[in-house]
Structure formats: C-alpha cells, structure tokens
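Remarks on the structure that follows.
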Amino acid sequence: MYGLWRPRVLGAWKVPATGPLILAVNHSHNIDGPMVMGVAPRPVHFLIKKEAFVGPLDPFLTGIGQLKVDRHSADRTAITGALDVLAQGGVLGIFPEGTRGEGDFASLRAGLAYFAVRGGAPIVPVAVLGSSEKRGRLIKGLPPLRHRVDVVFGDPFDAGDGSGRRTRRALDEATERIQKELTAHLENARRLTGR
C-alpha cells in the first residue's frame with residue numbers, strides 16, 4: 001500500500017495490542033480492505049464476499065487468512081470462522097454495511113452486532129477516506145498512484161450493554177449503539193483530515 005499510494009494513518013495507537021477485536025471499516029472502494037490490512041498494527045482477517053475468491057485470488061486470500069462469506073444466506077462456515085478468529089484473540093475486519101457504497105455507515109447490517117456481542121470483542125471504528133475521490137489514469141478502477149488515502153482508527157468501544165444478553169432485542173440495541181459510534185467517528189475523521 002505504501003508503495004502504490006500515500007496512506008496517512010491516524011490513531012493506530014488506539015488499537016489494543018492483544019485480545020479479540022473487531023475493526024468496523026467504512027467501504028466506498030475496492031482498496032479499502034487491502035489498505036486497512038496493509039496499515040493496521042495487527043493482522044486482520046476480513047469477511048470478504050465469496051465472489052472475490054476467483055482464480056489466483058482464491059488461494060492468495062485464503063492463504064493470508066481472509067474469510068469467504070456468502071452474503072445472500074446465513075453462511076454457517078463464515079460465522080464459525082469469524083467466531084474462531086475472535087476466540088483465538090485475533091482481529092476480525094468487517095464492512096458493517098455489507099457492500100461497497102457511500103462509505104457513510106448509513107445502513108448497517110446486524111452481523112457486526114452479532115459478532116461483537118457473541119464474541120465479546122470490542123469494536124474499533126475505522127474510516128478510510130480518499131480512496132474513491134479520484135480515478136487513476138492507468139487503471140480507472142483504482143485511485144491515482146501516489147494519491148493520499150487517510151486511514152483513521154477510532155477509540156475501542158463495547159457494543160453490548162454488559163448484560164451478556166444475545167436476544168434479538170439486545171442485538172437491535174447493540175446495532176443502534178454501533179451506528180451512533182461509527183457515524184460519530186466518521187464525522188470526527190472527516191474533520192480531522194479535512195475530507
């Protein structure tokens with residue numbers, strides 16, 4: 001990432017050095033996940049749509065510990081894999097909106113709350129800014145080479161209410177808490193970076 005673009009990483013010191021953790025990353029461009037993997041202070045295992053695991057990318061993504069997920073059904077293999085990452089004290093990366101979009105955390109899916117509550121892991125919000133501002137001249141689907149991309153890590157927070165409940169209502173309440181935290185972090189990151 002540092003060879004192709006100019007990432008500016010802010011707040012990486014906020015990422016706990018040990019223990020289970022979830023990075024909740026906004027998603028507006030294809031390079032957001034690889035950018036976070038390249039600059040995060042700990043190895044990250046992202047939940048990635050199964051459609052990305054094609055050709056030579058399949059053994060590569062699997063080899064670096066990324067998790068294949070079917071976004072159109074309850075993928076038990078992906079769920080078990082993600083919970084295993086957390087149980088082993090690893091870092092799980094999630095795009096809470098489920099797909100690329102505006103990258104504004106406006107429409108969260110329930111998966112993030114489920115993993116945070118079930119896995120007992122704090123969430124660190126991550127804002128990737130600048131990845132979709134301009135199109136490159138050589139490869140239109142990527143930002144221009146040497147373009148600055150900001151990656152802003154936020155303060156860790158717990159999604160649950162501390163009761164340990166895993167009911168539908170508890171997950172809905174956790175999703176609301178998460179949305180407020182992620183939206184506030186994104187606004188702060190935009191102020192901080194001027195984007």
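These numbers come from a predicted model, not from an experiment.
I48 approaches Q66 most closely through the heavy-atom pair CD1-CB, 3.6 Å. Closest approach of A113 and I178 over heavy atoms only: CA-CD1, 3.6 Å. Between L61 and A52 the shortest heavy-atom distance is CD1-O, 3.9 Å. Shown here for N26 and D32, the closest heavy-atom pair between the two residues is O-OD2, 3.8 Å. A pairwise comparison of heavy atoms in L186 and A127 identifies CD1-CB, 3.8 Å as the closest pair. Nearest heavy-atom pair, Y114 versus L171, reported as atom, atom and distance to 0.1 Å: CA-CD2, 3.8 Å.
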Mind running salt bridge (charged side-chain N to carboxylate O under 4.0 Å, His left out) on E173 and R169 for me, showing each step along the way?
CA-CA 6 Å; E173 290 170 0; R169 183 173 177 187; 3.1 Å; yes
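Side-chain atoms of T62 and D58 include a donor-acceptor pair closer than 3.5 Å.
No salt bridge links R177 with E181; every basic N to acidic carboxylate O contact stays at or beyond 4.0 Å.
Considering only heavy atoms from C-beta on, I79 comes within 4.5 Å of L83 through its side chain. Counting only heavy atoms from C-beta outward, the side chains of P59 and F53 never approach each other to under 4.5 Å. The side-chain heavy atoms of V124 and D155, taken from C-beta on, include no pair separated by under 4.5 Å.
Taken to the nearest 0.5 Å, the CZ atom of F157 stands 12.0 Å off from the NZ atom of K180. Note that CG of L47 and CG of D70 are 12.0 Å apart. Values are rounded to the nearest 0.5 Å. Here CD1 of I123 is found 5.5 Å from CD1 of I22. Values are rounded to the nearest 0.5 Å. Of the inter-residue distances, the one linking H45 atom NE2 with L23 atom CG reads 11.0 Å to the nearest 0.5 angstrom.
Each of V25 and L192 belongs to its own hydrophobic cluster when Ile, Leu, Val, Met, Phe, Trp and Tyr are linked at side-chain heavy-atom distances under 4.5 angstrom. Put simply, V152 and M37 are part of two different groups of oily side chains (I, L, V, M, F, W, Y) that touch within less than 4.5 Å, one to the next.
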Please tabulate, one pair per line, all N/O donor-acceptor pairs under 3.5 Å involving side-chain atoms of residues 85-93, not counting sequence neighbours.
none

Solution key, residues 6-18 side-chain donor-acceptor pairs under 3.5 Å, sequence neighbours excluded:
{"from": "R6", "atom 1": "NE", "to": "R146", "atom 2": "O", "distance (Å)": "2.8"}
{"from": "R8", "atom 1": "NE", "to": "D150", "atom 2": "OD1", "distance (Å)": "2.8"}
{"from": "R8", "atom 1": "NH2", "to": "D150", "atom 2": "OD1", "distance (Å)": "3.3"}
{"from": "R8", "atom 1": "NH2", "to": "D150", "atom 2": "OD2", "distance (Å)": "3.1"}

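Residues that satisfy the ring pair (Phe, Tyr, Trp, His ring centres under 6.0 Å) test with F46, not counting sequence neighbours, are F95.
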